[in-house]
Protein chains: 2
Amino acid sequence: MSGRISDSTVRRLSLYLRMLRDLERAGVEFVSSSQLAEPSGATSAQVRKDLSHFGSFGKRGRGYSVDGLVRALEEILGLSRSWRLALVGVGKIGSALLGYGGLAARGFDVVAAFDVDEAKIGTRAHGLRIRPMRELRPAIAECGAEIGVVATPTEVAAEVAAELERAGVGAILNFAPIELSEVNGVPIRTVDIVLELEGLSYLMSEAGRRTGSDG
Amino acid sequence: MSGRISDSTVRRLSLYLRMLRDLERAGVEFVSSSQLAEPSGATSAQVRKDLSHFGSFGKRGRGYSVDGLVRALEEILGLSRSWRLALVGVGKIGSALLGYGGLAARGFDVVAAFDVDEAKIGTRAHGLRIRPMRELRPAIAECGAEIGVVATPTEVAAEVAAELERAGVGAILNFAPIELSEVNGVPIRTVDIVLELEGLSYLMSEAGRRTGSDG
DNA sequence: CCGCCCTTGTGAAAGGTTTCACAAACCAAG
DNA sequence: CTTGGTTTGTGAAACCTTTCACAAGGGCGG
Ligand SMILES: NC(=O)c1ccc[n+]([C@@H]2O[C@H](COP(=O)([O-])OP(=O)(O)OC[C@H]3O[C@@H](n4cnc5c(N)ncnc54)[C@H](O)[C@@H]3O)[C@@H](O)[C@H]2O)c1
Ligand SMILES: NC(=O)c1ccc[n+]([C@@H]2O[C@H](COP(=O)([O-])OP(=O)(O)OC[C@H]3O[C@@H](n4cnc5c(N)ncnc54)[C@H](O)[C@@H]3O)[C@@H](O)[C@H]2O)c1
């Protein structure tokens with residue numbers, strides 16, 4: 001049980017949890033590994049293996065208790081609490097995030113927002129006062145934000161990430177298309193839209209090459 | 001040479017290309033696999049293996065010609081052309097995308113935008129007229145968009161994706177937090193911010209558990 | 001209590017990706 | 001032309017993830 005868990009396992013656990021919450025809302029009491037597998041495109045064996053890293057949650061012959069597994073997965077993923085986010089860069093993507101109800105609904109609350117633009121500092125965006133960068137360190141210490149969000153231009157993203165880390169966040173979500181290197185064990189996830197589009201570009205070109213010539 | 005190429009390889013090729021373009025701009029002529037590896041956190045062997053799936057691009061003893069490899073990777077990834085995107089859902093995230101210069105700069109042009117909101121239809125966002133959904137099929141046929149972008153509420157995302165597919169797009173980029181299943185070989189990439197945050201939540205909780213108890 | 005059906009949990013096998021390590025190739029200098 | 005220093009391209013090994021397949025356990029009807 002429980003050694004190092006792969007990213008793909010954790011990803012799938014989140015997807016299982018999503019489905020379980022839907023089932024819970026629908027009043028379903030038990031679910032089997034194969035039902036759980038379907039929406040994420042996994043196999044039933046994979047579901048069972050993923051869960052087995054953390055313990056034994058099912059009843060043989062019956063499946064898993066929906067309520068029980070929801071609680072267990074929330075515990076495993078750290079979602080039985082809520083997390084506070086500090087946003088840096090209230091531009092196009094930063095504003096979209098501030099207005100996104102889907103975050104708070106899942107326990108991720110943006111509690112502070114920062115920018116360098118004098119025209120924005122002091123104004124309110126979705127109920128949150130935009131603060132100057134100079135307040136970043138004390139404000140994060142004060143409000144206890146655990147996750148920093150980088151939504152600044154690419155050129156300053158690395159510096160902003162380093163500053164967030166110094167301010168004491170435990171993890172960083174980055175929207176700039178640049179690979180930020182983790183230091184001090186603070187994990188960083190980058191949402192890189194251009195990379196996704198280039199992946200699609202590859203697949204479409206590949207399909208064209210296969211169909212187009214010979215094949 | 002060239003069988004089925006893994007997603008992670010394609011991902012890294014994009015990152016190599018990014019660095020190569022920087023080097024090109026800086027006037028560098030040759031680059032070694034180890035220099036190329038650094039920014040993406042790969043190893044030099046990995047760089048060479050990744051490239052070897054597609055051919056032999058380097059000169060032993062010298063490294064890779066920056067210009068030559070840029071051309072080769074653009075060809076492989078399908079980036080020696082530009083791609084047309086059709087956006088469905090001009091809300092918070094859709095508007096952010098429309099205003100994002102980083103897409104056009106890398107050869108991804110949003111050429112059509114659609115919504116169901118009567119108040120938005122007919123108005124212009126970043127120079128593009130917002131069209132009613134009823135025009136989706138003919139408009140995509142006419143302008144020849146290859147990639148559909150789903151930026152609608154989650155509840156309608158699957159239906160919108162299906163409609164885009166019927167309209168003839170070759171790939172879909174989805175921002176709704178839902179796993180859409182590929183049909184007809186049209187690849188789908190989902191950008192799921194909540195999933196990324198939950199991954200970070202897991203890592204932070206895990207770190208806490210390791211530090212907190214015993215360890 | 002027994003026997004049947006169902007589903008889990010899990011070693012073992014298969015499949016895939018990354019790293020290792022070295023011969024082959026190239027350049028420059030003498 | 002030969003030698004030495006450097007870096008590629010690539011099989012083989014190591015490592016990691018997924019799938020297979022089945023014994024073990026649980027519920028239920030009789
Ligand atoms: N807009 C999008 O849809 C989109 C999509 C994908 C990725 N991105 C990436 O997200 C990042 C932000 O993009 P955007 O479109 O929101 O840009 P934007 O220009 O609209 O916003 C950037 C904000 O960051 C602020 N800023 C600049 N330097 C700063 C600093 N040193 N410290 C703090 N704040 C600073 C600016 O004042 C501005 O408010 C970019 O890296 C971009 O590549 C954007
Ligand atoms: N806002 C964010 O920062 C953010 C972040 C991550 C994910 N998302 C996801 O992106 C999606 C859009 O989010 P948003 O915040 O932009 O929402 P939004 O409500 O601001 O925008 C949604 C848009 O879609 C349009 N729409 C609704 N039904 C439609 C249909 N059937 N066909 C075409 N258009 C339709 C609406 O009129 C609206 O303009 C959601 O699935 C959300 O979960 C948003």
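The chains referred to below are lettered A, B, ... by the order of the sequence lines, with proteins before strands, and numbering in each begins at 1. Note that the structure is a prediction, hence the values are computed from the model and not measured. Side chains included, hydrogens not; waters and symmetry mates left out as well; all remaining heavy atoms used.
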Is there side-chain contact between V191(B) and L173(B), with at least one heavy-atom pair below 4.5 Å?
-> yes

Q46(A) CD to dT17(D) P, straight-line distance once rounded to whole Å | 11 Å

Could you tell me whether the side chain of F175(A) reaches within less than 4.5 Å of the side chain of I193(B), counting heavy atoms only?
-> yes

D50(A) vs K49(B), nearer the 5' end of DNA chain D by closest nucleotide | K49(B)

For R60(A) and for T43(A), find the nucleotide of DNA chain D with the closest heavy atom, then tell me which residue's nucleotide is more 5'.
-> T43(A)

Any side-chain heavy-atom pair of L15(A) and L195(B) under 4.5 Å | yes

Going by distance alone, is a donor N or O of one side chain under 3.5 Å from an acceptor N or O of the other, for S40(A) and R12(A)?
-> no

For dG9(D), take OP1 and OP2 only and decide whether either is under 4.0 Å from a side-chain N or O of Y64(B).
-> yes

Would you call S52(B) and R48(B) a side-chain contact if the rule is heavy atoms closer than 4.5 Å?
-> no

From CZ of F30(B) across to P of dG5(D) the rounded distance in Å is 22 Å

NZ/NE/NH1/NH2 to OD/OE distance under 4.0 Å, E206(B) and R4(A) | no

Bounded by its outermost nucleotides with an atom under 4.0 Å from a heavy atom of chain A, the footprint on DNA chain C reads dC6(C) to dA12(C)

Considering only dG9(D), dG27(D), dT17(D), which nucleotide approaches the side chain of R62(A) most closely?
-> dG27(D)

Sorted by number, the residues of residues 31-39 of chain B with heavy-atom contact under 4.0 Å to DNA chain D = S32(B), S33(B)

Backbone N or O of A176(B) within a donor-acceptor pair of the N174(B) side chain at under 3.5 Å?
-> yes

Within less than 4.0 Å of OP1 or OP2 of dT18(D), is there a side-chain N or O belonging to R12(A)?
-> yes

No-hydrogen, no-angle side-chain donor-acceptor test under 3.5 Å, S80(B) and E75(B) = yes

